[in-house]
Amino acid sequence: MSAPIHIQPGETFTLNVGPQHPATHGVLRVKLEMDGEYIVHSETVLGYIHRMHELMGENRTYPQVLPNLSRMDYLGALGYTHGHVLAIERAAGIEVPERAEYIRAITVELNRIASHLFWFGAFVMDLGGFTPLMYAIEDREYILDILERVTGSRLTYCYYRFGGLYNDIDDEFVPATKALIPRMRESLKKYDALVTGNIILQKRLKDIGPLSKELCRKYGATGPVARGSGIDFDVRKNEPYSVYPEFDFDVPVYHECDSFARYKVRMDEMEQSLRIIEQGLEKLPDGPIMPEKKPKLIKPPAGDYYQAVETARGSFGIRIVSDGGKNAYRFKLRSPTYSNMHLFDEACEGMLIMDALALMGSLDLVIPEIDR
Amino acid sequence: MIKDTVKKALQELFPVPEPVVEETPPAETAEGEKTDAKKKPKKEEPRVNGVLERDYNACGYHLDVQLDPSELLAAVLILDKAEFFIESITGVDWIKENQLEVVYDFSRYDFDLCRVVIRTRTPRTEPKVPTISKIFSGANWHERETHDFFGIKFEGHPHLIPLLLPEDADFHPLLKDFKP
């Protein structure tokens, strides 16, 4: 038996959250220096699931890297593969048929909803409510079934190709997606009634974990985290790519800067994604899904290319430095949660630990995507 | 337009207002690609320091700045004042030129889209670049990551220990001469 520990007033102790802890949603470790229930200092320790995708990107040819991108973020994989193919298409100057771009946009938005649904369930579970997760998973399963039918996988999609898609959608995709839209709208109403108005949730989130505009800018936070802090920034609007300029949708922005604002941003984003899917299905043109003329071997001319896309978690950037060969000379992945997580250390100082965990949940972390 | 004001401010960093070198944007068509590849043997001159305006559609950013490490902080301060946010920091190993390059990406939150890329080069034998984490706190992790992968020392960094690699790692896996 070890001797009992007596802590003097004002004395701090170290608390390890993770690397195996349900609140960190993966293998993330946060070293907290605690004064009672209050956090004095926090240090995030990364690298538990670091797989060096950037080196793999240099060692493999461009098409061989395609599956790597979906292993980064297992919840919103399509957004990342979309960024990758767009970057290579920009570098190598490959034209994409319109139908392929529309299907890409529809599937990315479906994936965004699935990702937000899972976040919603897990986040409420962090705060102590288990039931909403079950509802969220049920809806998410429906979306995964639709995506499985066209992409062939349920989680780590590798559906896009340079210039287009792996295969065309089938007859059942459009009706199934059309049926999803009213179903999701009903569900969103249900979540609103079940969770958003819940007094416990509101007390746990309102005015908790404030992230100021300036803090977001200094750390380069993007996505729902920035939009919850009153920053009207969405790569789909600010730096339009693909066919997003064709769609009429809004970017939800909340100015409260607290965890509840980030919660509301994501809940509203699901409705906006539904709007995009609705319009995409309406406008979906006929035609080929791959360009007629495409280089057999992808060899972008020497240079330095950057492409940003809006994933479920924020602005994902990919930089390709090419020396004209069939492998990338440098393959850099800028992951949004990396920057979003970074501000946690500064933001959580002086907070109660239970509030800090609510803040961490509201950042929507996916650890393989931070560590890459 | 923010692009013009920032460009003007950045150009003041370079003592002699040198004529802006117009670079032909990378060929977009498949045809251009072929001719480009054939002409390759011609050795490229190393780029002089200065501000270049790039074709956004071809490469994805607007301003491309190359400078010496000593001028880095001044350039970053200009961007900080103009309310840019830091996107990422990339290291590149140019082993043939015996140099390491650090690339800083900056972007904006508003609709006046302007992506700025700052490049700086440092000798491969003793890579040293001043830290910008005192201006942009978010650079802290990016610099630690670049230190992990390339061994570039960011002078003045408060906590330059491995971030993604094991805590006792003494190798730099993204160097081109790295052998596992």
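Throughout, protein chains are lettered first and strands after them, A, B, ... in sequence-line order, and every chain is numbered starting at 1. Since this is a predicted model, take the numbers as computed values, not measurements.
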Chemist: Are the ring centres of A:Phe233 and B:Phe85 closer than 6.0 Å?
Modeler: yes
Chemist: About how many Å separate CG of A:Leu46 and CG of B:Leu163, when rounded to the nearest 0.5 Å?
Modeler: 4.5 Å
Chemist: Search all heavy atoms of B:Pro173 against all heavy atoms of A:Met52 and return the closest pair with its distance.
Modeler: CG-CE, 4.1 Å
Chemist: Does any heavy atom of chain B fall under 4.5 Å from the side chain of A:Glu43, the backbone, both, or neither of them?
Modeler: side chain
Chemist: Chain A heavy atoms under 4.5 Å from B:Tyr61: which part of the residue, side chain, backbone, both or neither?
Modeler: side chain
Chemist: In terms of side-chain geometry, is the basic nitrogen of A:Arg372 or B:Glu145 positioned less than 4.0 Å from the acidic oxygen of its partner?
Modeler: yes
Chemist: Which bit of A:Tyr338 is near chain B, if near means a heavy-atom gap under 4.5 Å: side chain, backbone, both or neither?
Modeler: both
Chemist: Output the distance between atom OG (B:Ser88) and atom OH (A:Tyr306), rounded to the nearest 0.5 Å.
Modeler: 4.5 Å
Chemist: With heavy-atom distances below 4.5 Å as the criterion, would you say the side chains of A:Arg319 and B:Val117 are in contact?
Modeler: yes
Chemist: When rounded to the nearest 0.5 angstrom, what distance separates NE2 in A:His342 from CZ in B:Arg144?
Modeler: 8.0 Å
Chemist: How far does CZ of B:Arg108 sit from CG of A:Asn238, to the nearest 0.5 angstrom?
Modeler: 10.5 Å
Chemist: Return the OG1 to CG distance between B:Thr90 and A:Leu333, rounded to the nearest 0.5 Å.
Modeler: 9.5 Å
Chemist: Please give me the minimum heavy-atom distance between B:Arg115 and A:Ala308, naming the atom from each residue.
Modeler: NH2-CB, 3.2 Å
Chemist: Is A:Asp345 close to chain B through its backbone or its side chain, or both, or neither, when contacts mean heavy atoms under 4.5 Å?
Modeler: side chain
Chemist: Answer yes or no on whether A:Lys332 is positioned over the face of B:Phe149, meaning its NZ or CZ is under 6.0 Å from the six-membered ring centre and within 45° of the axis.
Modeler: no
Chemist: If we ignore hydrogens and angles and just use 3.5 Å, is the side chain of A:Arg330 paired with the main-chain N or O of B:Asp93 as donor and acceptor?
Modeler: no
Chemist: Got a second to check how far A:Tyr305's OH is from B:Cys59's SG, nearest 0.5 Å?
Modeler: 8.0 Å
Chemist: Please classify the contact of A:Glu239 with chain B as side chain, backbone, both or neither, using a heavy-atom distance under 4.5 Å.
Modeler: both
Chemist: Is the centre of the A:Tyr329 ring less than 6.0 Å from the centre of the B:Trp94 ring?
Modeler: yes
Chemist: Which bit of A:Arg217 is near chain B, if near means a heavy-atom gap under 4.5 Å: side chain, backbone, both or neither?
Modeler: both
Chemist: With only heavy atoms counted, which part of B:His142 is less than 4.5 Å from chain A, the side chain, the backbone, both or neither?
Modeler: both
Chemist: Taking the six-membered ring of B:Phe106 (Phe, Tyr or Trp), confirm whether the NZ or CZ of A:Arg334 is under 6.0 Å from its centre and within 45° of its axis.
Modeler: no
Chemist: Please state whether the side chain, the backbone, both or neither of B:Asp110 comes within less than 4.5 Å of a heavy atom of chain A.
Modeler: backbone
Chemist: Please determine, among B:Val92, B:Asp64, B:Leu165, the option with the most heavy-atom pairs under 4.5 Å with chain A.
Modeler: B:Val92
